[in-house]
Structures are given as structure tokens and as C-alpha cells.
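Here's the structure, in C-alpha cells; my notes come after.
Every chain is numbered from 1, with letters handed out A, B, ... down the list of sequences. Keep in mind that what you see is a predicted model, and the values were worked out from it rather than measured. These numbers come from the heavy atoms of this one structure, side chains and all, not from hydrogens, waters or symmetry mates.
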Amino acid sequence: MTNSITAIPNPEGGVLQAESLTFSHDGGAPVFADVSFSVRPQETLALLGASGCGKSTLLRLLAGLEKPLQGSVKFLGEPLVQPHPRSALVFQQASLLPWLNVADNVSFGLDFRHQPRINTQERKTRVQNALQAVGMAGHEKSSPAQLSGGMAQRVALARALAREPQLLFADEPFSALDPITRGEMQSLMVDVVHRWHTAALLVTHDIDEAILVADRILLMGGAPAKIIAEWTVDLPHPRTVYPHAIQELRQEILEAFRGCNPLGNHQVHQRKLSPAVTAIQPSHFYI
Amino acid sequence: MKHSLLHKLLAPCAGLLFAVFLWWLGTLWLTRSMPIASNLSPLRAFPELFALLGSSLIWEHTLTSLQRVLAGLGFALLVGVPAGILTGISIGFAQTTGTLFQFLRMISPLSWMPIAVMVLGVGDAPVYFLLAFAAVWPILLNTAAGVGQLDENWLLLSRSLSATPWERLRRVILPAIAPHILTGVRLAIGVIWIVLVPAEMLGVSAGLGYFILDTRDRLAYHELMATILLIGFLGFLLDQLARYLHKRWFQR
Ligand SMILES: Nc1ncnc2c1ncn2[C@@H]1O[C@H](COP(=O)(O)OP(=O)(O)OP(=O)(O)O)[C@@H](O)[C@H]1O
Ligand SMILES: [Mg+2]
């Protein structure tokens, strides 16, 4: 133990740590203030909040695309100075590059200078695995223009997976899709996040999506925004078989959300939703 | 389908034939007061055009002109694309140059001719300058518009990959704005072709513009008319080619 001097890349603190982050656009009123939380390894964390409360801004900050006014972000224990090569982004729109075919879209950027060097074979394998995982194997040569919205979003997810991320940032990735496709994509997300052993930060304003996908839910609200509540969702997947539990938690989140007024002064709720309880008494939750 | 195809071919031909008829009537009328005008008649111009095409002389002039088109376009691209990208990326650059560009754009390139010859000397250089000066605006403006329409997420993506400025330019911006640049090129070719003939009328001894003046000096009005036909025809072909390439690009 004593002779171990190399830093362990996966400290107790988690994949990502946000430490009292404050941010404002061009010196205006702060969008959010004093936001602290951490993302644990392989955990899916949902960031829930009303439109315009600063979720996307927070995500960009955590991804290293924007600098905080105050506070700091740590990725794998190290202060984040630029986007980390082991993080990946998925947007609301697939935003595939139309001049590249599907396979080239998935491998896009893997050969950039500040990315870890991998050889051509490894790159091919990654593209294949990622496309396989999202159910798009066989579409390698297709052009993005030929894909439906859901298929394009699958390719966008594959593009993120091909980077073998330790943290996947997703900003309302399914909100532009029709309800049926959205449902499919939500279970796909759960599936690939587990298979890739990656943590995920899912920004959404869909309460049910947060409940169905996330291990933990953070509720953002107020002006400037803060984390006003937190839930641990400990139900096995697929969660669609627990309609009562989902209904209850949705209600609770909505109430917490209404209780939050713009003047602040909230207490952080800490609730845990555990499977044993829901299995026996679907209408009760332990704190 | 067949009916409309027939229309598509027949209607333009009818229009052309009617114009030739008016042209013939016009020269007939002109010849009454000016006998030399009989040389301008289509009855002389068309046979002369075929005779010209049979000689190597006109091909040399044509080739010279087409080379100048390419060179002018090349210079316009070299200046227009980087300036357009800068305009699209940097609000400061756009604000600083916006009015200036609008001002310069509205000056007929040919007004610069005497100064171009004075500064660049007699020869090809001032012609290249004038052509490039005329062609740079459609390229610049379309490039800037292309950069303005870039998907914000593509730039975010390249930033999340810590792309170097060069990687961002070559892997994202340039491929994304290529269709816009091509639109600019198509418009630029039209402009260049129009400016080419007058630009070649000063200080050079080859090219279609030069040849026009040459036929005038030799009082070879039937050749002059034939050359005008050739200029129109080549311009038409160039534009069709540019349109075709443009369409091909968008249908990939
Ligand atoms: N570039 C910018 N300059 C100034 N203000 C901005 C900018 N981008 C966003 N804002 C403001 O910051 C606030 C937070 O925006 P943000 O996009 O982070 O919210 P959001 O929670 O993601 O909303 P949505 O659910 O609609 O995506 C909003 O009030 C928005 O108007
Ligand atoms: Mg947003």
C-alpha cells in the first residue's frame, strides 16, 4: 500500500464531481448557483428540470465545453480543463454529418489529434460493435439522409459508444422522437449503458423517462437553479412492469417540483425507491 | 410525360428560331440604309461560324479565354472562401468588412481596368485580377451564408473531440459548406464569362474579347457576328456544366 504512488483513475468520488458550480451567460444573472453532485461509476443519473432552467448549460459545463464562473469540475479525479477523451455527447438531434456514411459517422473523430491513438483494426471493431449494439449493423454504407429519426438517433448513440466513454452526456436525446420509438430508445439506452460499463448523465424534462432509465434522479429548479431534490430508483429493468411505483414517484416528483418557488429555500429530499418494497406493497415508498 | 418532354425541347427551339428570324429581319431592314450590315445577317453568321470552327485560330483564342476563366475562378476561390469563412465565423470581421464589401461589390470590375493595367502591367495579370474581382463576391457571400447555416451541434461535437482548428476546418466546416461554395462557383462562372470579353479587349493579344476587336479592325463583320454566337454558346455550355455539377453534388 505504501509504495503505491500512482493515482488511481477511479477514485471513490466517482467519474465526475461538480463542486459548487455557478454560471452566468456573459456576466448576466446566474443561471444556476452552487450546484454540487457527483456521478458514480457506471451509474445512470437523470437531471430533471423545467424548460430553460439551465440543464443544457450545466451539461455543457460538465462536458468541458464551457467554463464555470465559480466552482470546479473533476473528471476521474482530475480537474477538467478541456473535454475529456473518455466522455461522449448525444444531442436532441442526431446531428449526423450528411457527407459521411453511417460507419464513417460512427468513427468520426476517433483519429483526431487529441484522442487516444487506436489503429485501423481497432477502429473498425469499435464501429462494428457500436452499430451492432444499437441494432444498426448492416447499415454501414447508408447515407444519413436515408435514415428515419429513430435510426439516426441510434447511429448518434453508436457514435458516442465508439469512443468507449466512461461518461455519456445525453441532452434530451429522445425528445424529438415519436412515443413508440422513444420507448424503444429508452430501453436501448439502459441496455448499452450497462453493456459498455459507462456512467451516463441524462438531461430530460420527461419525468417518466427519468424514472424508467435512471438509477438516480436529480431535480433542478429555482432561480438561480439549484438541485432541489434527489431520488434513488432501485427498481430492476425493465421498469414498465411497475406502473404503480412509477405513478407514485411521478406524483412525488411533481409535488417536489411545485413546492419549489423562485425564492429558493428548499431542502433536498432524499428518497429511495427499493424493489423489495414495491414488489410487495406497490403504493409505499421508503425514505 | 412524353408530351411534356416534347414541350421542353420544342418550346426553347421555337424561341431560338423566332429570335433568329427577328435578327434576320433586323439586318434586312438595316441593310437598306447601311449596305455593310448585310454581313451581320444570320445567313452569313452561321456558315461563318462553321468555317471558324474548322480553323485552328478560333480554338486557340477560345482555349486562352477558358484558361483565363479557370485562373480567375481559382484566384476568386483562393480569396473568397477564406474571407467567406472569416465573415461567417467572426462577427467582428463581418461587421468590419460588411459595408466595405457591399461598397466594393457595387463597383463594376471594369472600372478598375486602367489602374489594373497601370499596376500589374500589360498582359494576363490585369485580366486575372478583373475576373477574380468580379467573381469573388458570389463565392464570398455564399461561403459566409454556408458557415452561418452550420449545425451548432457539429461544432459542439468537434469541440467535444478537442479538435484542432485545422481538424475542425477540414473535417467539419469545409465539407459542410462545400455545397454553398459550389453555388458560389456556379454564379461566379456566369459573372466571369460576362466580364471576360470586355476584360480581354485591353492589353492582351489573344482570347475571344481580343478576337472581337480584331474582326472589327479587319472589318470582318460576319466573323464578328459568328464570334458573338460562339461566346453565347460557350457561356451557355459553361452554365449548363456548372448546373450539372451542382446538381450531381446535391443528389449524391
Ligand atoms: N448563449 C446564451 N446566451 C445567453 N443566455 C443563454 C444562452 N443560452 C441559453 N441561455 C439562457 O440560459 C438559460 C438556461 O438555458 P438552457 O438551454 O441551459 O436551459 P434548459 O434547461 O436546457 O432548457 P430546455 O429544456 O429548453 O433545453 C435560459 O434562460 C436561456 O435563455
Ligand atoms: Mg436544453
Side-chain angles (χ1 to χ4, degrees), chain A residues 56-57 59-67 75 80-101 104-116 141-146 152-153 155-156 159-160 162-163 165 167-173 176, chain B residues 77 81-82 84-85 88-95 139 142-186 242-252:
Chain A
S56 297
T57 311
L59 181 120
R60 284 153 64 119
L61 219 116
L62 299 172
L65 297 166
E66 210 103 48
K67 295 268 166 283
F75 198 103
L80 189 71
V81 281
Q82 61 170 358
H84 199 276
R86 296 304 295 274
S87 67
L89 281 170
V90 180
F91 311 104
Q92 183 175 357
Q93 306 298 331
S95 295
L96 301 178
L97 307 171
W99 57 91
L100 298 177
N101 67 24
D104 291 342
N105 261 290
V106 174
S107 70
F108 180 80
L110 289 181
D111 57 346
F112 278 15
R113 238 186 79 197
H114 296 301
Q115 296 302 304
K141 296 274 175 276
S142 306
S143 132
Q146 299 169 314
Q153 199 55 285
V155 176
R159 172 171 68 187
R163 298 176 62 184
L167 179 51
L168 183 67
F169 292 106
D171 192 353
E172 297 183 22
Chain B
L77 279 168
V81 171
I85 290 177
I89 285 179
S90 152
I91 295 170
F93 185 81
Q95 282 173 343
I139 292 175
N142 276 284
T143 303
V147 175
Q149 287 168 30
L150 273 177
D151 187 335
E152 186 76 23
N153 287 342
W154 295 343
L155 298 176
L156 268 186
L157 182 70
S158 75
R159 275 177 62 205
S160 81
L161 289 155
S162 303
T164 61
W166 171 245
E167 280 167 344
R168 184 170 51 136
L169 183 68
R170 211 187 74 72
R171 304 289 293 276
V172 179
I173 296 179
L174 280 179
I177 63 173
H180 294 89
I181 297 179
L182 225 61
T183 304
V185 165
R186 186 166 79 72
R243 273 172 202 270
Y244 172 76
L245 290 177
H246 194 248
K247 216 166 124 188
R248 271 286 300 271
W249 182 275
F250 277 102
Q251 284 177 352
R252 273 188 327 157

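- For the pair A:Leu110 and A:Gln115, the minimum side-chain heavy-atom distance is 4.5 Å or more.
- Only the side chain of B:Asp151 comes within contact range of chain A, with at least one heavy atom under 4.5 Å from a heavy atom of that chain.
- Under the 30°/60° scheme for interplanar angles, the aromatic rings of A:His84 and A:Phe75 are found to lie parallel.
- Between A:His114 and B:Thr164, the side chains place no donor N or O within less than 3.5 Å of an acceptor N or O (distance only, hydrogens not considered).
- You'll find the side chain of A:Phe108 stays beyond 4.5 Å of the side chain of A:Leu96, heavy atoms only.
- With a 4.5 Å cut-off on non-hydrogen atoms, A:Gln93 touches chain B through its backbone and its side chain both.
- Neither the backbone nor the side chain of B:Ala178 has a heavy atom closer than 4.5 Å to any heavy atom of chain A.
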